[in-house]
Amino acid sequence: MPFTIATWNINSVRLRAGLVGDMLKQHAPDVLCLQETKCPDDRFPLGEFRKLGYGHIAIHGQKGYHGVAVLSRHPFATQESRVFCDRVDCRHIGVTLGPEAGGAAGVTIHNFYVPAGGDIPDPVANEKFAHKLAFLDEMRAWCGTARPGSGRSILVGDLNIAPLENDVWSHKQMLDVVSHTPLECDKLVAVQGEGGWVDAMRQLVPEPEKLFTWWSYRAQDWALSNRGRRLDHVWLSQELAGALGGMTIVRDARGWERPSDHVPVLVSLDV
DNA sequence: ATGGTTGTCATACAA
């Protein structure tokens, strides 16, 4: 049975609810995980998504910053949000799909928004970078103790790191740029290893092919310069990895009217 | 080496 999961850093869900609707209509994933909703829970535009068939919505938001949400065609059996680094930041929400989800019944989905980490790649000089590294250490510990990568589970989100050489437009020129420094890349790979997670996008499109999911707003012409990064990820547990079908990066979405700087990534499974 | 843009909230700050 086909099951499609999508992840998208939307950079304000209220401003871009229309774009989310367009994406849902065009690509019809079973589940969409959003990051950077920037929206308190009582102001989330539930109605617009319910109309499109996404009647089950788990939200974990706050005013102005961060915020994650899961929109689903299928009911959830459970949902939870984890706290990382003892902060109130809304950076994680996890759901388990109920028995109504057919072949995907019982699958757990973890939706993450990892801290961006500021501009200076030095944890001493830059508290934000220190926070990012601590967050990754805590994610790794959680993968070791809670074993979220055991069973049938998926981890998606804006992890704010492009770990492989061809996850950025220029490996050499990005080595000192936060999102591609060896320190944070190693930590992300360690999280992945600790949990036994499989990088779905790279299973399907191995290096050295370039893969990007984000292009800066600051570029004069994002498509022409194409200085992208792969900051958004879909990881599968070993048990689900065999079900991997296809992958779509909706690059067009970067050119839509008033776009997010991230584009949706969809992964389909045969469950 | 520098500055380039966007969103939120209210004038900086985070990304």
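Chain letters run A, B, ... following the sequence lines, proteins first and then strands; every chain starts at 1. All figures in this text were calculated on a predicted structure; none of them were measured in a lab.
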Trainee: In terms of relative ring orientation, are A:F112 and A:H110 parallel, tilted or perpendicular, with 30° and 60° separating the classes?
Mentor: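 A:F112 and A:H110: tilted rings.
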Trainee: Could you state the CG-P distance from A:D119 to B:dT5, rounded to the nearest angstrom?
Mentor: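 Going from A:D119 (CG) to B:dT5 (P), I get 15 Å.
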Trainee: Step through the shown structure and confirm whether more than 12 heavy atoms of other residues, nucleotides or ligands are within 6.0 Å of CG on A:D119.
Mentor: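 Not more than 12 within 6.0 Å, no.
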Trainee: When you measure from the side chain of A:R16, which nucleotide among B:dA14, B:dT5, B:dT6 comes out closest?
Mentor: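 Closest nucleotide to the A:R16 side chain: B:dT6.
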Trainee: What is the distance from CZ of A:R227 to C1' of B:dT5, rounded to the nearest Å?
Mentor: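 Rounding to the nearest Å, CZ of A:R227 and C1' of B:dT5 are 16 Å apart.
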Trainee: If you measure from the P atom in B:dG7 to the same atom in B:dG3, how many Å do you get, rounded?
Mentor: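 The same atom, P, in both gives a distance of 22 Å.
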Trainee: To the nearest Å, give me how far apart CG (A:L15) and C1' (B:dT8) are.
Mentor: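 After rounding, the reported distance stands at 10 Å.
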Trainee: Cationic tip of A:R82 within the cone over A:F84's six-membered ring, i.e. under 6.0 Å and within 45° of the normal?
Mentor: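 Relative to the ring axis of A:F84, which defines the angle, A:R82 lies inside both limits.
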Trainee: Between A:D199 and A:R230, does at least one N-O distance fall below 4.0 Å, as a salt bridge requires?
Mentor: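 Salt bridge between A:D199 and A:R230, a charged N being under 4.0 Å from a carboxylate O: yes.
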Trainee: Go nucleotide by nucleotide along DNA chain B from the 5' end; which of A:Y65 and A:R14 gets its closest nucleotide reached first?
Mentor: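 The residue whose closest nucleotide sits nearer the 5' end is A:R14.
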Trainee: Could you state the atom-to-atom distance from CD of A:Q62 to C1' of B:dA15 in whole Å?
Mentor: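 Result: 14 Å.
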Trainee: Output the rounded distance in Å from CZ (A:R258) to P (B:dT6).
Mentor: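 It works out to 8 Å between those atoms.
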Trainee: Taking only side-chain N and O atoms of A:S12, does any of them lie within less than 4.0 angstrom of OP1 or OP2 on B:dT8?
Mentor: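 Yes, because at least one side-chain N or O of A:S12 sits under 4.0 Å from OP1 or OP2 of B:dT8.
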Trainee: Between B:dC9 and B:dA14, how far is it from one P atom to the other, in whole Å?
Mentor: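 Taking atom P in both B:dC9 and B:dA14, they lie 14 Å apart.
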Trainee: Starting at OH of A:Y217 and ending at P of B:dA14, how long is that distance when rounded to a whole Å?
Mentor: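 The distance from OH of A:Y217 to P of B:dA14 comes to 18 Å, rounded to the nearest Å.
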Trainee: How far, in whole Å, is B:dA12 from B:dA1 if one measures between their C1' atoms?
Mentor: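 To the nearest whole Å, 25 Å.
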Trainee: Quick one: A:N11 CG to B:dT6 C1', roughly how many Å, whole number?
Mentor: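 Nearest whole value for this atom pair: 7 Å.
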Trainee: Within the 4.0 Å heavy-atom criterion, would you say A:Q220 contacts the bases, only the backbone, or no part of the nucleic acid?
Mentor: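 The residue A:Q220 makes no contact with any strand.
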Trainee: Considering only side-chain heavy atoms of A:H66, which listed nucleotide, B:dA15, B:dT8, B:dT5, is closest?
Mentor: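 Of B:dA15, B:dT8, B:dT5, B:dA15 is nearest to the side chain of A:H66.
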Trainee: More 5' along DNA chain B: A:G118 or A:A219, using each one's nearest nucleotide?
Mentor: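 In this pair, the answer is A:A219.
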Trainee: Answer yes or no: does a side-chain N or O of A:R91 lie under 4.0 Å from OP1 or OP2 of B:dA15?
Mentor: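 So the side chain of A:R91 is within the cut-off, an N or O lying under 4.0 Å from OP1 or OP2 of B:dA15.
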Trainee: What is the distance from CG of A:N126 to C1' of B:dC13, rounded to the nearest Å?
Mentor: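 After rounding, the gap between these two atoms is 13 Å.
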Trainee: Can a side chain N or O of A:K63 be found less than 4.0 Å away from OP1 or OP2 on B:dC9?
Mentor: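 No, because none of the side-chain N or O atoms of A:K63 sits under 4.0 Å from OP1 or OP2 of B:dC9.
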Trainee: Looking at A:R140 and A:E194, does any basic side-chain N land under 4.0 Å from a carboxylate oxygen?
Mentor: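 A:E194 and A:R140: salt-bridged.
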Trainee: Mind checking the C1' distance from B:dA10 to B:dT6? Whole angstroms is fine.
Mentor: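 My reading of the C1' atoms in B:dA10 and B:dT6 gives 16 Å.
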